[in-house]
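We use all heavy atoms of the structure for the numbers below, so side chains are in, but hydrogens, waters and symmetry mates are not.
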Amino acid sequence: MNDRIYNFSAGPATLPAPALKRVQQAVWSYEDSGIGVLEHSHRSRPISTLFEETEAALRRIARIPDDFAVLFLQGGASSQFFMVPMNLLQQDATADYLDTGSWSQKAIKEAKHFGTAHVAASSTDKNYSYIPAPEAIRYSPNPAYIHYTSNNTIFGTEWADVPAAPEGVPVICDASSDILSRPLDLSRLDLVYAGAQKNLGPAGLTLVLVRRDLAASAKRELPTMLQYRTHIEHGSRYNTPPVFALCVLREVLRWMEDRGGLAAIAEQNRTKAQLLYDYLDQSRFFRATARPDSRSRMNVCFRAPSETLESRFVKEAERAGLSGLKGHRSVGGMRASIYNAFPPAGCERLVAFMRQFVRDHSN
Ligand code: PMP
């Protein structure tokens, strides 16, 4: 392990070491078949088993009920921005969007190609530093669905819970940056999607959990590849699927189960984030940018007293083996992304580094 450094990248992000080790072997010879996982036919027995086992592990870990389909798609979460309204929003209908940052905005932009997108609440007035209160949400009279972004990767805010929605209206969640970081309440959700490159595995795989009856109610006059029902009917293997990405996901899920599943992982995520926020809150040098009640457990955004000090911080941290701490330009400063696989010891190292930085740069 000592040839690796702490990687705070927002995504693609650090993956569990045991999973990476097992994948290395699978690339050479998958389950002792003499053929690497990149070289097996996606119709072969070992790969069919890989798909079945990965889905079963996901269902166990996230308690996904049978009335939800589990789909392994491609095109990133960005393709779900259009696939959702393409399937579920009629031209004369309105979908309601909760706007909590750049990714919500991108989803809203795509919805407008297919129908009306109503912004039911937004935190743009304070540079997306908070999650709107329930009282601030104004849903339209008869929305086709409600869409929200559970964790705002760029701004470092996160919904503590699924937003309250009118009875019977489907709730759709972009969970790209906090999927499987805590238990998932699918009794209140109808479609959840996530690019894999933060908590699940490699970029190139997009996980979609969709209530089967919602997918069945979708429009039919669409290109085959862009209908959810195609992928449900073909077990995510209508065309050649991202087999390698599934192999990595399978190993990441194995690691999650070994660690005690979502409850244990959620607890560790809470502790890791708390360590950083507690330090930032008592510091008179650094300051966390997100409002305390809206803070993300995955992306911790913070500023130093000047931009000069911030760029020095990022450079010196990199030299100290703490990589990827530069914040997104729309917030500035620093961002520590600490997804599931990011080790607690890395958070401790970051706090120690911040303490030293303050000593070195205060006058
Ligand atoms: N939604 C969120 C919340 C994200 O963080 C990202 C990527 N960082 C996306 C959507 C876009 O994902 P992709 O690159 O997989 O299209």
Side-chain angles (χ1 to χ4, degrees), residues 6-16 61-62 76-77 98 100-104 123 128-131 148-163 173-185 189 192-203 206-207 249 252-253 255-256 259 261-281 288-302 322-328 330-331 333-351:
Y6 289 119
N7 172 15
F8 290 90
S9 164
T14 200
L15 288 169
I61 292 171
L98 299 169
T100 51
S102 317
W103 298 111
S104 311
S123 51
Y128 295 118
S129 58
Y130 69 99
I131 295 293
Y148 78 108
T149 315
S150 52
N151 184 72
N152 299 284
T153 325
I154 291 175
F155 297 94
T157 64
E158 188 175 20
W159 288 82
D161 202 357
V162 180
C173 175
D174 171 3
S176 292
S177 51
D178 68 351
I179 185 101
L180 301 195
S181 67
R182 59 183 171 187
L184 193 60
D185 186 1
L189 292 161
V192 179
Y193 63 88
Q197 62 272 23
K198 297 151 196 321
N199 269 339
L200 302 176
T206 313
L207 179 68
L249 172 60
V252 171
L253 296 175
W255 172 83
M256 291 186 75
R259 297 192 70 91
L262 283 192
I265 284 176
E267 178 54 26
Q268 187 171 77
N269 285 334
R270 202 191 57 75
T271 311
K272 284 188 304 189
Q274 191 76 44
L275 187 77
L276 297 185
Y277 288 121
D278 281 351
Y279 172 74
L280 292 168
D281 284 344
T289 57
R291 206 170 71 185
D293 65 355
S294 307
R295 288 171 173 174
S296 167
R297 300 157 309 127
M298 302 280 104
N299 311 98
V300 178
C301 297
F302 58 101
L322 305 172
S323 179
L325 282 164
K326 188 170 167 30
H328 191 275
S330 43
V331 183
M334 282 72 70
R335 168 175 55 176
S337 297
I338 49 170
Y339 301 112
N340 287 353
F342 190 88
C347 295
E348 285 160 22
R349 272 284 300 281
L350 177 57
V351 170

(message) Looking at every non-hydrogen atom in both residues, tell me the closest pair between P202 and A196 and how far apart they are.
(response) O-CB, 3.4 Å
(message) If I take atom OG1 from residue T149 and atom CH2 from residue W159, how far apart are they, to the nearest 0.5 angstrom?
(response) 9.0 Å
(message) Quick check for you: to the nearest 0.5 Å, what is the distance between S150 atom OG and D178 atom CG?
(response) 3.5 Å
(message) Is there a side chain to side chain donor-acceptor pair (under 3.5 Å) between N152 and T100? Walk through the geometry before answering.
(response) CA-CA 7 Å; N152 299 284; T100 51; 2.8 Å; yes
(message) Would the distance check show the side chain of S123 and the main-chain N or O of Y130 forming a donor-acceptor pair, the cut-off being under 3.5 Å?
(response) yes
(message) Can you tell me how far apart OG (S102) and CD1 (I154) are? Round to the nearest 0.5 Å.
(response) 3.5 Å
(request) Evaluate the side-chain proximity of L325 to L350: yes if any heavy-atom separation is below 4.5 Å, no if none is. (result) yes
(message) Working to the nearest 0.5 angstrom, can you tell me the gap between S181 OG and R270 CZ?
(response) 13.0 Å
(request) Take the angle between the ring planes of F342 and Y6 and call it parallel below 30°, perpendicular above 60°, tilted in between. (result) tilted
(request) Provide the closest heavy-atom pair for A62 versus L262 in the form atom of the first, atom of the second, distance. (result) CA-CD1, 4.0 Å
(message) Taking P344's backbone N and O only, do any of them form a donor-acceptor pair with Q268's side chain (distance below 3.5 Å, no angle check)?
(response) no
(message) For the CE atom of M298 and the CZ atom of R335, what is their distance to the nearest 0.5 Å?
(response) 13.5 Å
(request) For the residue pair S337 and N299, confirm or rule out a side-chain donor-acceptor distance under 3.5 Å. (result) yes
(request) Find the distance between OH (Y193) and OG1 (T206) and round it off to the nearest 0.5 Å. (result) 10.5 Å
(request) For Y339 and L15, indicate whether the former's side chain and the latter's backbone hold a donor-acceptor pair under 3.5 Å. (result) no
(message) Main chain of A10, side chain of K198: is a donor-acceptor contact present, judged purely on distance under 3.5 Å?
(response) yes
(message) Could you report the tightest heavy-atom contact between G346 and F8, atom names first, then the distance?
(response) O-CZ, 3.6 Å
(message) When you compare the side chains of N340 and N269, does any donor N or O come within less than 3.5 Å of an acceptor on the partner?
(response) yes
(message) Quick one about S296 and N151 (side-chain donor to acceptor, distance below 3.5 Å, no hydrogens or angles considered), yes or no?
(response) yes
(request) Just do the side-chain contact (heavy atoms from CB on, under 4.5 Å) check on T289 and F155 with the steps written out, would you? (result) CA-CA 8 Å; T289 57; F155 297 94; over 6 Å; no
(request) Compare every heavy atom of T157 with every heavy atom of A290, then report the nearest pair and how far apart it is. (result) CB-CG2, 3.9 Å
(message) Taking the side chain as everything from C-beta on, heavy atoms only, tell me whether S176 gets closer than 4.5 Å to T153.
(response) no
(message) Quick one, L180 and V252 - any side-chain contact, counting heavy atoms below 4.5 Å?
(response) no
(request) State, yes or no, whether a side-chain contact exists between P163 and L98 at a heavy-atom distance under 4.5 Å. (result) yes
